[in-house]
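Before any comments, here is the structure.
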2 protein chains.
Amino acid sequence: MRIGELAARTRMAPSTLRYYEQRGLLRPPERTPAGYRSYGDEAEQRLEFIERARAAGLTLTRIAQILDIRDSGASPCAHVQGLLDRRIVEIDEQLAQLALLRASIAELSVRAEQVPAEACTPASICSYL
Amino acid sequence: MRIGELAARTRMAPSTLRYYEQRGLLRPPERTPAGYRSYGDEAEQRLEFIERARAAGLTLTRIAQILDIRDSGASPCAHVQGLLDRRIVEIDEQLAQLALLRASIAELSVRAEQVPAEACTPASICSYL
DNA sequence: ATGGACCTTGAAGTAAGGTTGAAGGTCAAG
DNA sequence: CTTGACCTTCAACCTTACTTCAAGGTCCAT
């Protein structure tokens, strides 16, 4: 399978696959006599893994580390679990901040509601915000 | 308060504060006779708001828009309130998405605990993801 | 009155995650 | 045998969010 087909199957751009190769996420594939990249089916699995890891919010560098561990023959599982757990902590922090932000904006909105419409003359332009 | 003190209080770099000013998140402060930026206490509140919004994953551009609404009311009140309410809806969507992401990752992590390391075959790379 | 900490500006650099372009090679169909 | 789609490399560019640097001004203690 050439790069275009692999790209189509995974819905990624060929340029992205070359970039992943350069970043060490994809191993350099065989080449046809003409120099075209020639991938096996396992490349598709690998890209699906990368996509899942991306969806979980892992950076390309972290994903490359996981794949390196795998490629060197060891099991990356314990490492992956550590990454996942750290990601959960990050997301919890993000959720907390988002809730605070929501409260701040909701308060602005409530204050806006309480001001009578007459206060909103062209002359006094929303000074309450 | 000069930029260094404000930076220390908010644990940001002075360069970040200048950058925020340039991006329109901080309004240009007064200047001392020597040309130094001179901030009031409200700048600290504003930076705390910015930090919450950042931690919640909003871009600087979006945050600047929210702050614009708060600062200048160039728009009619109803319009401003509409913007605030739409922002709340967006934040609620973000909260929901983030909660989903957290749930997915938490589930991955729980499964990771229960699956023996042998399940990590070279083909699947890592069964957790 | 001098050294060091702090401030100014504008421009350039960095990191992440790519995309785009130039210049050219390959291959199947008509 | 030419056209068009697809491939190659390398380099430059993009966005977001900053940091760093160069060159210089200010403030304060010793």
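Here is the naming used below: chain letters follow the sequence lines, and residue numbers restart at 1 for every chain. Basis for what follows: all heavy atoms, side chains included, without hydrogens, waters or symmetry-related copies.
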- [ ] Find the distance Ile3(B):CD1 to dC27(D):P and express it as a whole number of Å.
- [x] 16 Å
- [ ] Using whole Å, report how far OH of Tyr36(B) lies from C1' of dT8(C).
- [x] 8 Å
Open item on the list: Using only modelled atom types and a 3.5 angstrom limit, is any donor from either the side chain of Tyr20(A) or the base of dG17(C) paired with an acceptor on the other?
Closed with: no
Open item on the list: Measure CG/Leu58(A) against P/dG17(C) and give the value in whole Å, please.
Closed with: 10 Å
Task: Test: Asp41(A) and Arg46(A) ion pair at under 4.0 Å - done: no
Task: From CD (Glu30(A)) to CZ (Arg37(A)), nearest 0.5 Å - done: 13.0 Å
Open item on the list: Taking Arg9(B) first and then Glu5(B), would you say they form a salt bridge - that is, a charged N and a carboxylate O separated by under 4.0 Å?
Closed with: yes
Open item on the list: Students often get this wrong, so: under 4.0 angstrom with heavy atoms, is Thr59(A) touching a base, only sugar-phosphate, or nothing?
Closed with: sugar-phosphate
Open item on the list: Please evaluate residues Leu47(A) and Leu17(A) with respect to the criterion side chain to side chain contact (heavy atoms under 4.5 Å, CB included), reporting the C-alpha separation (whole Å), side-chain torsions for both, the decisive distance (0.1 Å), and the verdict.
Closed with: CA-CA 9 Å; Leu47(A) 284 168; Leu17(A) 304 190; 3.7 Å; yes
Open item on the list: Distance check needed: dA12(D) C1' versus Gln22(A) CD, whole Å only.
Closed with: 13 Å
Open item on the list: Can you see if the side chain of Arg18(A) gets near the phosphate of dT8(D) - specifically, an N or O under 4.0 Å from OP1 or OP2?
Closed with: yes
- [ ] Rounded to the nearest angstrom, tell me the gap between atom CD in Glu5(B) and atom P in dC6(C).
- [x] 12 Å
TODO: Would you kindly give the CZ-to-P distance between Arg31(A) and dC6(D), to the nearest whole Å?
DONE: 19 Å
Open item on the list: Let's see if you can work this out: which of dC18(D), dT26(D), dG17(C) has an atom nearest to the side-chain heavy atoms of Tyr19(A)?
Closed with: dG17(C)
- [ ] Go through dT26(D), dT20(D), dA16(C) for me and flag the one nearest to the Ser15(B) side chain.
- [x] dT20(D)
TODO: Report yes if a side-chain nitrogen or oxygen of Arg2(A) is closer than 4.0 Å to either non-bridging phosphate oxygen (OP1 or OP2) of dC6(D); otherwise report no.
DONE: no
Open item on the list: Using OP1 and OP2 only, check whether a side-chain N or O of Thr16(B) sits under 4.0 Å from dT19(D).
Closed with: yes
Task: Between dT26(D) (C1') and Arg37(B) (CZ): distance, integer Å - done: 15 Å
Open item on the list: Output the rounded distance in Å from CZ (Arg23(A)) to P (dA16(C)).
Closed with: 6 Å
Open item on the list: Between Arg11(A) and Glu51(A) (salt bridge meaning N to carboxylate O under 4.0 Å), is one present in this structure?
Closed with: no
TODO: Identify whether any heavy atom of Arg62(A) sits under 4.0 Å from a base atom; if not, whether one sits that close to sugar-phosphate; answer base, sugar-phosphate or nothing.
DONE: nothing
